[in-house]
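Side chains are part of it too, since the values below use all heavy atoms of this structure and drop only hydrogens, waters and symmetry mates. The sequence lines fix the lettering, A, B, ..., with proteins before strands; numbering per chain opens at 1.
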Amino acid sequence: MRWSQAFISTLREAPGDAEAISHKLLARAGMIQRLAAGIYSYTPLGFRSLKKMIEIVREEMDRSGAQEVDLPILQPMEIWQETKRWERYINDGILFHLDDRKSGSFALAPTAEEAVTDMVRKSVTSWRQLPFNLYQIKTKFRDEIRPRFGLLRGREFLMKDAYSFDVDDKGLDVHYKKMEKAYRRIFERCGLEYVLVQADSGAIGGSASEEFMVVADTGEDALVFSESGDYGANIEKAVTGELPEPWAGEEARPFGRANAPTPGLITCEDQARHFGTTTSRIVKTMLYEAVRHDNTSFVAAVLIRGDLDINEVKLPKALGILHALLLPEHRLDAIAHTPPGFVGPIGLTPPAGQDDVPVYVDRSLANAVNVYCGANEEGTHHSNVSIARDVKIAGIVEVATAREGDPSPTGNGKLLIKRGIEVGHIFKLGTKYSEAMRCEVADQSQKLVPLVMGCYGLGIGRTVASAVEQNHDSEGIIWPVPLAPYTCVVAALQRDADVLAKAGAIYEELREKGVEVIFDDREERPGVKFKDIDLIGFPLRVIVGSKALAKGAVEISTRFERKAESVPVAKAVETVLRTIAGGGRRLVLEPGESAGG
RNA sequence: CGGGGCGUAGCGCAGGUGGUAGCGCGGUUGCUUUGGGAGCAACAGGUCCCCGGUUCGAAUCCGGGCGCCCCGACCA
């Protein structure tokens, strides 16, 4: 491609709404353009990188034995109602949906479990037709509450989604492992540093799930790792080892009434200071509106140590409910007879229609003795509370949020917290969708069984953006070779006939040798060319300028190293080829070839 | 959903006591320049987010709406 003919426009300044580095740089490089909040166009240059990513994913999915399909993204409400996801997603406000002329409703789908399950149930009747894994690379829609960070959280986005179908869990395990392997190959090919962590399966449902995360400060997820590297989990899922218990070995003292704190002492920190103890001895009592799967609800109390926080992603699962909403303050008075700060597990008044308020206790408090808790009276606390003795416990649950420095659940060292971008997510769905949609086959004993499914997502645009997050400097993007829009740029620094001819010849030869190369033949000053080339971040750069050319040389450098070497004109092409063969990050010169920078 | 901010040329922004709009970058043309976003000159480019109101007159004041960005989303 000749730059002078190409649709490329770079920006000296990033659009004002760009926040993340990848967003700023991709926009400045003219690779993406915002059309609306969370909705981006790819320019020819940006689309080239996107296509690179698509091809890598397609190759690795095909290699794994998966088969590509194309499912409608405009999907009828009816199949979403079969799995109860219509109401759920509408309630969460994240489903784009619309009506057609005849009043039918449709979704612009964020995932395709229903569509693929429908396809399979219509055509598969026997276990002999299994197993298989179907995937597609297609634009998806999610009406994000808050789209941000450019390609990282958009409302329209390109995602690869795959769905495996097996007769039993053993088959699912095989597919799951295959996908993990395929994903590892994909991210390794992109040159990305990533980690695999345990994850919550969220709204998709299912049992096990793991996320592929690119570690980056702009990441929206908090990740928990053990120092020793033998544990990694999304904070939504992370558990900790046994925490030291400050009451270990103590005798339980008689239950009492604490000297009253002033009503202003609302936080656990204030109270601990007032009582002359640590926050770990203050019991935090949180009241939740617990919504059951049948949409009925009740009020429940959850007790946790004052130095810990409740993880509201873990909570519903621990309580066996659909979701838990913290009770709004105005409802506290009727149940706990006090504003926040003095709520406790003893003497709660259940709301109408409920016999009692069940009290769930986090594991961290299961053995607690001689602790303080709110007395359900403003300004008052109980002291020397022994949880097992004094509280009617509905269940011991594990709902604490992991903290940096907590012991690792594996017993090896402490936990660290980093941020990450979720680029891939693999789930064991089980039979959630196949049962709801009656996607069944006859097994070997002629019994009708629902298919066991897995689902595997991979954000294409997001992975490209992650690559930029991970590979850039003050001048611009440093594309990993596999994702670069062009591998190499040949720039003619001057409009001099000899310069243009030599540069043109090198460009033509590289092209013939199969290198993806762009020829900067623009009528621009050298400075402009250098800036654009660095900003877009082509891995290799061949500079043809009148100065070096007078000595029969051109200058070659990689975007990663940025140190240019003079190379004889006749050796330029082979130097480029050798450097690409060597990975493209570092210049590979022949011994004795360098004439110095 | 709560709080804050913004909306003026392709991009980044200024203006705002009411009088019909400006700067930088970018663009076009010419001359000069030519190894890290050149200089001079001329030119082009605007629904000042939209609708309504006040006024002789609104980018500016008032009301309503829309769009966008940021922060927070309750830890008792």
Side-chain angles (χ1 to χ4, degrees), chain A residues 9-20 23-24 27-28 30 33-39 92-93 145-150 261 263-271 279 282-289 301-312 315 324-333 335-345 348 362 372-376 378-381 399-401 403 474-476 491-496 499 522-535 541 543-550 554-555 557 562 564 566 597:
Chain A
S9 66
T10 58
L11 254 31
R12 190 179 284 210
E13 289 177 89
D17 59 7
E19 181 88 355
H23 186 187
K24 287 183 183 164
R28 282 192 55 209
Q33 264 180 26
R34 198 189 74 106
L35 181 65
I39 301 176
D92 289 353
I145 297 164
R146 200 173 146 193
R148 62 181 126 181
F149 299 147
L265 294 184
I266 288 171
T267 68
C268 293
E269 288 72 23
D270 290 342
Q271 290 164 8
T279 50
I282 307 290
V283 173
K284 204 148 70 175
T285 303
M286 309 293 290
L287 297 181
Y288 285 92
E289 171 98 30
V302 181
L303 268 46
I304 194 163
R305 266 167 55 166
D307 59 333
L308 296 175
D309 288 329
I310 291 174
N311 181 328
E312 292 187 352
L315 191 57
L325 298 164
L326 197 65
L327 220 57
E329 268 185 35
H330 66 86
R331 288 193 59 194
L332 279 188
D333 197 51
I335 296 163
H337 330 295
T338 164
F342 311 95
V343 180
L348 291 168
D362 182 65
Y372 296 85
C373 70
N376 292 325
E378 185 161 7
T380 311
H381 274 68
V399 294
T401 302
R403 299 170 303 178
S474 59
E475 293 300 307
L493 273 201
Q494 294 86 17
R495 299 285 303 166
D496 172 281
V499 168
R522 290 175 299 168
E523 286 186 57
E524 285 290 352
R525 297 171 55 82
V528 173
K529 297 193 175 193
F530 284 127
K531 288 288 182 191
D532 277 343
I533 288 166
D534 284 348
L535 175 59
R541 187 183 88 176
I543 296 294
V544 184
S546 48
K547 267 191 202 167
L549 207 54
V554 297
E555 287 150 29
S557 60
R562 301 200 76 204
S566 286

Practice problem: Mind listing the closest non-hydrogen atom pair of A/L327 and A/I335 along with its distance? | Solution: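 Taking A/L327 first and A/I335 second, the nearest heavy atoms are CD2-CD1, 3.7 Å.
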Quiz item: What is the minimum heavy-atom distance between A/L535 and A/T10, and which atoms define it?
Solution: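 Minimum heavy-atom separation between A/L535 and A/T10: CD2-CB, 4.0 Å.
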What integer number of Å spans the [atom1] atoms of [N] and [M]?
| N | M | atom1 | value |
| --- | --- | --- | --- |
| B/rU32 | B/rC23 | C1' | 25 Å |
| B/rG26 | B/rG10 | C1' | 7 Å |
| B/rA9 | B/rU60 | P | 15 Å |
| B/rC68 | B/rU8 | P | 14 Å |
| B/rU20 | B/rC48 | C1' | 11 Å |
| B/rG19 | B/rG24 | C1' | 27 Å |
| B/rG52 | B/rA14 | P | 28 Å |
| B/rA21 | B/rA58 | P | 13 Å |

Exercise. Take A/I310 and A/A14, find for each the nucleotide of RNA chain B with the closest heavy atom, and name the residue whose nucleotide sits nearer the 5' end.
Key: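 With A/I310 and A/A14 compared, the 5'-side residue is A/A14.
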Quiz item: With A/E524, which residues qualify under salt bridge (Lys or Arg N to Asp or Glu O under 4.0 Å), at least two apart?
Solution: none
Quiz prompt | A/K529: salt bridge (Lys or Arg N to Asp or Glu O under 4.0 Å) partners, not counting sequence neighbours | solution = A/D520
Scan [X] against the nucleic acid and name what it touches under 4.0 Å (heavy atoms): base, sugar-phosphate only, or nothing.
| X | value |
| --- | --- |
| A/L332 | base |
| A/L265 | nothing |
| A/P339 | nothing |
| A/D17 | sugar-phosphate |

Self-check item: Secondary-structure stems for RNA chain B, with pairs counted as Watson-Crick or G-U when both distances are under 3.5 Å and runs at least 3 long
Solution: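 Stems for RNA chain B, defined as runs of 3 or more consecutive pairs: B:1-7 with B:66-72, B:10-13 with B:22-25, B:27-32 with B:38-43, B:49-53 with B:61-65.
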Exercise. For the residue pair A/D496 and A/S546, confirm or rule out a side-chain donor-acceptor distance under 3.5 Å.
Key: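 No, because no side-chain N or O of A/D496 sits under 3.5 Å from a partner of the opposite role on A/S546.
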Exercise. Keeping the roles fixed (side chain from A/R28, backbone from A/R12), state whether a donor-acceptor pair exists under 3.5 Å.
Key: yes
Exercise. May I ask you to decide if A/I266's main-chain N or O and A/Q271's side chain share a donor-acceptor pair within less than 3.5 Å?
Key: yes
Self-check item: Nucleic acid footprint by protein, nucleotides 33-39 of chain B - heavy-atom cut-off 4.0 Å, B for base, S for sugar-phosphate alone
Solution: BSBBBB-
Please list, pair by pair, any protein nitrogen or oxygen found under 3.5 Å from a nitrogen or oxygen in nucleotides 42-51 of chain B.
none

Quiz prompt | With A/L35 via side-chain contact (heavy atoms from CB on, under 4.5 Å) - residues at least two apart | solution = A/I39, A/S41
Quiz item: Is it true that A/R403 and A/D309 make a salt bridge, defined as a side-chain N closer than 4.0 Å to a carboxylate O?
Solution: no
